[in-house]
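Below: one structure, written as structure tokens.
Small disclaimer: the values here were computed from a predicted structure and weren't measured. Every chain is numbered from 1, with letters handed out A, B, ... down the list of sequences.
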Amino acid sequence: MKRASSSSSSSSSSSSKKLKSEESPSPIPDLTEDLLYEVLRRADERTLGAAACVSSRWRRLAQDERIWESVCLRHWAALGCAPCQLRSVVMALGGFRKLYVSYLAPTVPTRSGRRRRWSRDELQMSLSMLSVGFFGMMGGPMGKFPPGKGI
Amino acid sequence: MKREYPDSGTSSSGGAAPKGKHPASAPPSEEDVDELLAALGYKVRSSDMADVAQKLEQLEMAMEMGAAASTAPVSDDMAFFPETVHYNPSDLSTWLDSMLSELNTPPPPLPPPPMPPPPSVPSFAPAESSSVNFDPNPISQSDPSRERKRMRTGSGSGSCSSSSSSSLGRGGAGTTTIGSESIEPAPVATPGLPVVVVDPQEAGVRLVHALLACAEAVQQDNLKAADALVKQISLLASSQGGAMRKVATYFSEALARRIYRLRPPVGPISDPSTFDSFADLLHMHFYETCPYLKFAHFTANQAILEAFAGCKRVHVVDFGIKQGMQWPALLQALALRPGGPPSFRLTGVGPPQPDNSDALQQVGLKLAQFAHTIRVDFKYRGLVANSLADIEPYMLEDESGDGELEAVAINSVCELHGLLARPGELDKVYHTVQKVKPKIFTVVEQEANHNSGSFLDRFTEALHYYSTMFDSLEGSNGSPTEPPSPGQPDHVMSELYLGRQIFNIVACEGPDRTERHETLAQWRRRFSQAGFDPVHLGSNAYKQASTLLALFAGGDGYRVEEKDGCLTLGWHTRSLIATSAWRVMAA
């Protein structure tokens, strides 16, 4: 059930991606949730995606909204509003992970490992799309009308 | 099977015939040749049947994929046509072998010659002919999707191809006039079915000429000629593919309606102004599949957001609220405003519903729920009005009458052109707006002149405009994560949405003709004369629009342009929709 590994206690970059493939046979100390969270918090998006596939415990941690909030925020060049303001709105509209996955990730050119900073316009556009998407999914006169994938 | 074979004339159904026959045919016997197929003219050894069936399947797959790779110019195609007579298709398995080996090197795919080349054959030629614009812009990147689509339409619709092949029969009599590229029927073709292969480029030009000639005939009230031309148009349209075919179909249908006086428009198909749930659905699909409405909403929202800077109480009047899709984004932007959101009031105007349901209230409820989720103070009022001219200033007043004045923004997305159908209505609306004194009046309209007095001019303009529109639908994938599949229902809905506008422009007159689009320049003149000053849409709006287009990965052809403070979105060189903002002229 639990798959902890010593390599995760080393550097943050070599976190879960290596775990799946190089499972060492020797007994590994179990990581507490706090440590795991700290590690994942510094991981990039692809690593987080891979980490979510390891176990249900890892998935729960890798999908933590706080982690995804920092994923989104670390890419935004300028915020323009108070972080708590942004947090309350985004959480109400589906969360940072959804924001990233549905509306920010498509703007990243595929396979570019480097992190790019999104401009304020891209941020605003993704938030607008998130709003439209949320609105479309609300029950109402048209029922559920999900927007096109990614838009 | 035998009976439908000469009718369908499409490759896949012909391909299906031996396949379908296989389970039903006699079990492999000592006889050399399968009897049933021999009756059709094929010699296939019964023992080879499974093999043949497999190869036919392979051939079909190869043709579908080969269509994507095919970019040979027309002249190469003509070089290939003479080769068809070299094969003896009656020996089916060797013929299949040679076809398959040929297709492994990429020449353009040919349908099996035993069948009369179906109307879709000419469509294997390159795609630049399929959209005959007046300024020909080869839209090369959309070729593969278009050709793939043609394969599908060629193999799919049994009914339309049977009608087209029967009209081919008629047209076949006059085949010598159609051009030098028509070839003799293949030798094994079922006797009595003349074959016409029309070069699509030439057919496309003829199609446009036929459409214009028909419109001219209608203008001159020469209904007999117009009627004959309409029939010719549907014949020519069937030889086209993709956007041109659809545009031609809609326009010829609209002309037919005009000729046969099938107006006033009845039912949801013809009348864009009745907003029943079907029209709402079409509108939604159009919103989803292409960026025009999103562009409209986002640029207007940006202008409103900037106009509302620093205001604590704001009021937005939406002249056509429909499903309220524009407002969640504005509410969210206001919620994230530094300093917090203002208290927000929305007045949604809509037409009376035919089924007496209170659609306006439902939209309001949904928006209120949304606003509650993001903690924006929200009030809503719905106004039911047959026409915008029925709105009086007092209806838009702030009834709560608190100390602080509210800042008003009026928003109209494609609602003003309908007012031109009845004299005096636009002036009345201008008057009302002046009384309300909004901070900003955002207006989005189609960028085209579909309101000229001459029917022919209107028709020509509309043909150009909607061809470009349909091209953009074909060219864009709809969303970056979806693969292009033009057969999707979304595209059909969007096309129908546009088709209704076409019907209205071409087939209706007088007060029924509500799609009276005018160009940005024309609207500018109207607004200045009515006492409005333009408000420049800032660079933020421009950047928003560019970002929106960047997200539409398939939409390489979309262009945002800034024209004297207004923003337009177009496809390649043609602007299709324009956003502008106005305020009341200072006294």
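A distance of 4.5 Å separates CE of Met125(A) from CD of Gln544(B), quoted to the nearest 0.5 Å. To the nearest 0.5 Å, the span separating CE on Met129(A) from CG on Leu548(B) amounts to 5.0 Å.
Taking every heavy atom of both residues into account, Gly324(B) and Phe135(A) meet most closely at O-CE2, 3.8 Å. Here the shortest heavy-atom pairing between Met138(A) and Lys366(B) reads CE-O, 3.2 Å. Nearest heavy atoms, Leu336(B) versus Leu86(A): CD2-CA, 3.5 Å. The two residues Gln85(A) and Arg337(B) come nearest to each other via the heavy atoms NE2-O, 2.7 Å.
Ranked by heavy-atom pairs under 4.5 Å with chain B, the first of Ala92(A), Ser88(A), Ser131(A), Ser128(A) is Ser131(A).
Looking at heavy atoms from C-beta onward, Val132(A) lies out of side-chain contact with Lys294(B) at the 4.5 angstrom threshold. Side-chain contact between Phe134(A) and Gln332(B) is absent, with no heavy atoms from C-beta onward closer than 4.5 Å.
Interface remark: Ala335(B) contributes backbone and side-chain atoms alike to the contact with chain A (heavy atom separation under 4.5 Å). With a 4.5 angstrom heavy-atom cutoff, Leu367(B) touches chain A via backbone and side-chain atoms both. Of the atoms belonging to Gln326(B), not a single heavy atom falls under 4.5 Å from chain A. The parts of Phe370(B) that come within reach of chain A are both its backbone and its side chain, each placing non-hydrogen atoms under 4.5 angstrom from that chain.
By the neighbour-count criterion of 12 heavy atoms within 6.0 Å, atom CZ of Arg60(A) is densely surrounded, having more than that number from other residues, nucleotides or ligands.
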